[in-house]
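Reading through the structure tokens given below for one structure.
Keep in mind that the numbers below use all heavy atoms, side chains included, and drop hydrogens, waters and symmetry copies.
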There are 2 protein chains.
Amino acid sequence: MKPIYQRIADDLREQISDGTLPPGSRLPTEADLREKYGTSARSTVRQGLSLLVNEGLIVPQRPKGYFVREIRPLVYRPQSEFRRRPPEVDIYTHLLAAEGDERRPAQDIEVSIVEPTTTVRTRLQLKDTELVAVRRRTRRLDGEAYNINDSYASLSLVEGSEWMTPTDVARGTNQVLAELGKELVRALDEIYVRMPTPDEVRRLQLGPGTPVAEHVVTTYAADDSPVQVTINIVPGDRHVIVYERVKDPQDFEERPRSDWGAE
Amino acid sequence: MKPIYQRIADDLREQISDGTLPPGSRLPTEADLREKYGTSARSTVRQGLSLLVNEGLIVPQRPKGYFVREIRPLVYRPQSEFRRRPPEVDIYTHLLAAEGDERRPAQDIEVSIVEPTTTVRTRLQLKDTELVAVRRRTRRLDGEAYNINDSYASLSLVEGSEWMTPTDVARGTNQVLAELGKELVRALDEIYVRMPTPDEVRRLQLGPGTPVAEHVVTTYAADDSPVQVTINIVPGDRHVIVYERVKDPQDFEERPRSDWGAE
DNA sequence: TGATGCGCATTGACCAGACAATGCGTTCCG
DNA sequence: CGGAACGCATTGTCTGGTCAATGCGCATCA
């Protein structure tokens with residue numbers, strides 16, 4: 001026999017996924033459920049609801065009740081600096097509605113000098129004592145934070161340059177790096193999927209049960225030396241991460257082994 | 001004044017991140033914590049611990065106690081079918097240890113004919129009545145499931161072909177599609193970050209607080225018609241998703257506006 | 001009319017227990 | 001010596017409450 005709190009969660013989850021409880025709608029109150037499932041203890045009902053909360057399906061709004069979460073992802077394109085036109089030819093756009101949605105963006109920029117974390121140090125191949133400069137940006141849409149974006153570079157490289165101004169750089173910080181002799185020609189993207197830290201929850205105002213993608217970009221100059229590490233924290237409930245790939249003509253008859261879009 | 005259960009969670013989280021409680025180590029028992037924080041009610045302590053459980057930091061093991069989770073991500077490379085040599089030149093490998101780790105892989109394959117979900121139908125641009133074939137694979141490493149991989153294609157395209165055999169296809173199913181006149185030349189990757197469904201928890205034996213990436217690959221033929229949709233479910237605690245990008249010489253002096261590795 | 005205050009429904013935090021389930025180690029017995 | 005039985009520590013499920021916090025609507029009053 002399944003525990004009561006699980007039956008409650010399963011039943012409600014079912015109703016959410018089959019549309020009986022559409023996004024934005026209100027769930028039965030704890031008291032309703034307590035009665036319906038014949039379980040007197042409120043904690044049991046709460047235990048069931050907390051499952052759904054941690055799955056990111058519902059949010060409690062004291063004292064109004066529990067509501068089915070509404071999500072509306074934006075498109076996040078790590079490749080956007082590469083592409084000439086938005087997507088190749090836009091055979092995809094019918095899939096990805098509401099791009100940007102014409103809502104006005106804003107961002108905070110803050111520059112400081114810090115000791116690098118291990119993540120940053122290994123990727124920039126720094127010596128133990130070397131310091132780095134960091135350009136921290138929090139991006140907002142209609143005032144709501146939706147993305148944290150911290151770039152790190154060796155202090156000796158960017159010191160005194162425009163890279164370190166805490167304002168928008170019109171021609172782009174990559175251009176600044178290029179003028180410093182480090183044109184970025186290659187990048188490695190690592191995407192880690194995890195739950196947010198309490199700090200991230202605060203800065204991004206994340207609801208419960210919302211995972212994030214930690215998107216670490218290491219960029220390299222033509223001589224294969226790492227130049228910059230950027231760590232993006234991307235809330236899962238507000239974004240789809242999108243990449244486009246084309247078959248490289250050079251690498252044509254290689255790797256016939258496994259399925260494509262697989263592995 | 002912060003609630004007790006939060007203080008408990010904060011203190012323990014701190015100890016985990018600063019190494020006082022290393023991965024694999026055992027936490028104080030509920031009774032210990034109850035005493036330490038002077039809170040009599042067990043439920044309060046449990047509430048605090050459940051926060052950490054849902055953040056994926058600890059796992060309860062009845063009746064042994066709570067333990068700090070150990071994670072060891074594998075590298076997941078959506079682009080692997082493109083690349084000729086493993087990574088470009090391998091200037092990255094020092095970052096990504098334990099690639100594959102020489103553990104022997106295995107997979108279940110299962111083929112069936114189904115009505116497409118909305119996700120699949122829109123991406124394959126199918127008519128309402130059209131059926132699709134699906135090739136479902138569950139991949140294991142040392143018996144442990146680590147990846148679900150379902151490919152969909154229009155039934156009329158693959159019916160009767162080797163694509164539908166529920167066994168490994170030596171030359172690759174992409175080759176089969178090529179022989180059917182649909183060589184795959186372009187792909188769109190969408191990555192959604194979310195909590196798993198109960199079904200995914202079961203199939204992948206996910207611990208609590210483990211988010212997943214839903215990686216949807218739509219592949220296109222040379223005439224821009226969609227051929228196949230593959231949905232990968234990638235557990236966050238076992239994988240890093242890795243992409244490599246190179247600056248396209250054609251698209252050189254474009255997009256100077258925003259930072260690179262940014263958006 | 002408009003602002004103020006009050007009640008009320010609902011969730012948040014906490015208390016003080018009970019009994020069940022489950023691994024693990026120890027003891028006991030053949 | 002080897003296996004079965006038992007006890008024990010610990011978490012899992014659930015009972016049956018209390019008081020606090022918080023929006024919201026409604027009534028009250030200037």
Residues, nucleotides or ligands: over 12 heavy atoms within 6.0 Å of [X] [atom1]:
X      : atom1 : answer
A:E35  : CD    : no
A:E115 : CD    : no
B:Q61  : CD    : yes

For each nucleotide in nucleotides 14-24 of chain D, reading 5' to 3', give B when a protein heavy atom comes within less than 4.0 Å of its base, S when such contact involves only the sugar-phosphate, and - otherwise.
SBB-B--BBBS
In terms of side-chain geometry, is the basic nitrogen of B:D10 or B:R7 positioned less than 4.0 Å from the acidic oxygen of its partner?
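Not counted as a salt bridge, because no side-chain N and carboxylate O are separated by less than 4.0 Å.
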Any salt bridge linking A:R140 with A:D108? Criterion: basic side-chain nitrogen under 4.0 Å from a carboxylate oxygen.
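Result for this pair is yes, salt bridge flagged.
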Using a cut-off of strictly less than 4.0 Å, decide whether B:Y66 has a side-chain nitrogen or oxygen near OP1 or OP2 of D:dG12.
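Answer yes for this pair, as a side-chain N or O of B:Y66 is under 4.0 Å from OP1 or OP2.
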Does a side-chain N or O of B:R46 approach OP1 or OP2 of D:dT11 to a distance below 4.0 Å, or not?
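Negative; the distance criterion is not met.
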In whole angstroms, how far is the [atom2] atom of [N] from the [atom1] atom of [X]?
X     : N      : atom1 : atom2 : answer
B:M1  : C:dG12 : CE    : C1'   : 16 Å
A:E30 : C:dA13 : CD    : P     : 11 Å
A:L49 : D:dT13 : CG    : P     : 15 Å
B:D32 : D:dT10 : CG    : P     : 7 Å
B:R26 : C:dC24 : CZ    : P     : 12 Å

Of A:D168, A:T230, A:N232, A:N149, which meets side-chain hydrogen bond (donor to acceptor under 3.5 Å, both in side chains) against A:R137?
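Result for side-chain hydrogen bond (donor to acceptor under 3.5 Å, both in side chains) with A:R137: A:N149.
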Distance-only polar pair, side chains of A:D189 and A:Y243, donor-acceptor under 3.5 Å:
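The answer is yes; a qualifying pair exists.
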Five-pair end axes of the helix from C:dT1-D:dA30 to C:dG30-D:dC1 and the angle they enclose, rounded to 10°
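Inter-axis angle at the ends, rounded: 0°.
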Walk me through whether B:R202 and B:D199 qualify under salt bridge (Lys or Arg N to Asp or Glu O under 4.0 Å).
CA-CA 5 Å; B:R202 223 195 48 250; B:D199 184 61; 3.1 Å; yes
Quick one: label A:R34 by what it contacts on the DNA or RNA (base, sugar-phosphate, nothing), any heavy atom closer than 4.0 Å.
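No contact at all - A:R34 keeps every heavy atom at 4.0 Å or more from the nucleic acid.
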Under 3.5 Å: donor-acceptor pair, side chain of B:R123, backbone of B:T119
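Between the backbone of B:T119 and the side chain of B:R123 there is a qualifying donor-acceptor contact (under 3.5 Å).
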